[in-house]
Amino acid sequence: MLRCEVCGRSADVHHIVHRCEGGLDHPLNYKCLCQEHHRGKNGPHKSKDIDLKYKLELQKKLEGLLQEEYYPLEKLCSMLELKPKTMKRLLGGYHLYKEGYRSDDVIYELMGRMMYDEVMLEHYYDFMPVYNFA
Ligand SMILES: [Zn+2]
Ligand SMILES: [Zn+2]
């Protein structure tokens, strides 16, 4: 049984980069969350900053994994446990250098063609309530 990564209750799978955002149906992109931490108000589908926080975690994890500037396809497949077919489809539009594919391109694709930034998180916290001056 899957356990919620936040509270340990029984969970199902959340796609960190949502499938509609181009996220992969792959363990790398999974986060186990219970009903409440998935669809509730403290879950990524209701809370923008939680959604962003999980995406930043994934991006950092990928940046930590892919520390070299380039990786050959086979190496990427084994490191990320992705099938060569999936990887080729993902990286089809990118230049294959002598040393392999650029890590930045790989991360960008895996993040659903986005790069997330801590600054984005701070901006969510800057949200100001609308005061009624009347
Ligand atoms: Zn939970
Ligand atoms: Zn979900």
Side-chain angles (χ1 to χ4, degrees):
M1 192 175 69
L2 297 171
R3 293 267 171 207
C4 175
E5 292 179 33
V6 181
C7 71
R9 275 184 290 187
S10 86
D12 56 9
V13 161
H14 166 63
H15 293 74
I16 299 170
V17 179
H18 307 196
R19 270 174 297 186
C20 63
E21 298 168 336
L24 287 183
D25 203 4
H26 182 271
L28 200 68
N29 191 36
Y30 293 166
K31 193 164 182 81
C32 296
L33 296 169
C34 70
Q35 189 63 26
E36 191 192 322
H37 288 120
H38 190 188
R39 306 269 172 196
K41 70 174 178 3
N42 293 318
H45 292 281
K46 291 270 161 64
S47 162
K48 271 275 178 203
D49 48 344
I50 288 175
D51 189 39
L52 188 59
K53 188 172 147 240
Y54 291 164
K55 286 177 163 111
L56 278 167
E57 279 171 13
L58 173 63
Q59 189 177 297
K60 287 216 178 91
K61 188 173 142 192
L62 292 168
E63 285 165 354
L65 269 171
L66 305 176
Q67 297 203 355
E68 306 280 321
E69 204 179 341
Y70 300 93
Y71 285 99
L73 185 72
E74 313 78 66
K75 181 87 179 157
L76 280 173
C77 291
S78 71
M79 288 176 82
L80 303 171
E81 295 172 62
L82 281 163
K83 294 197 186 85
K85 209 175 83 186
T86 313
M87 211 71 219
K88 273 187 195 151
R89 183 160 42 82
L90 213 59
L91 297 171
Y94 293 96
H95 188 70
L96 176 59
Y97 297 88
K98 173 159 67 42
E99 304 90 337
Y101 288 104
R102 270 182 67 213
S103 293
D104 285 353
D105 293 341
V106 178
I107 296 169
Y108 182 72
E109 270 308 305
L110 289 172
M111 292 310 298
R113 303 199 173 168
M114 271 291 278
M115 278 301 196
Y116 292 89
D117 198 306
E118 302 283 354
V119 175
M120 296 162 101
L121 200 59
E122 281 156 30
H123 279 250
Y124 284 123
Y125 292 126
D126 285 344
F127 175 78
M128 294 295 284
V130 180
Y131 294 108
N132 187 352
F133 292 106

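Side chains are part of it too, since the values below use all heavy atoms of this structure and drop only hydrogens, waters and symmetry mates. All ligand and atom numbering here is 1-based and tracks the order in the structure.
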**Student:** The criterion is salt bridge (Lys or Arg N to Asp or Glu O under 4.0 Å); which residues satisfy it with Glu36, sequence neighbours excluded?
**Tutor:**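 Scan of Glu36 (salt bridge (Lys or Arg N to Asp or Glu O under 4.0 Å), adjacent residues dropped) gives Arg9.
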
**Student:** The test is ring-ring contact (aromatic ring centres under 6.0 Å, His included); show your working for His15 and Tyr30 and say whether it passes.
**Tutor:** CA-CA 5 Å; His15 293 74; Tyr30 293 166; 5.3 Å; yes

**Student:** Check His14 and report its N/O/S atom nearest to the Zn ion (ligand 2), by atom name.
**Tutor:**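 Restricting His14 to its N, O and S atoms, the minimum distance to the Zn ion (ligand 2) goes to ND1.
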
**Student:** Do the side chains of Asp51 and Lys55 get close enough for a salt bridge, i.e. N-O under 4.0 angstrom?
**Tutor:**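 A salt bridge is present here (some side-chain N lies under 4.0 Å from a carboxylate O).
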
**Student:** How wide is the angle at the Zn ion (ligand 1) spanned by His37 ND1 and Cys7 SG, rounded to 10 degrees?
**Tutor:** 110°

**Student:** Would you say the ring centers of His14 and His37 fall short of 6.0 Å from each other?
**Tutor:** no

**Student:** Do any of the N/O/S atoms of His18, backbone or side chain, fall under 2.8 Å from the Zn ion (ligand 2)?
**Tutor:**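 So His18 does not count as coordinating the Zn ion (ligand 2).
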
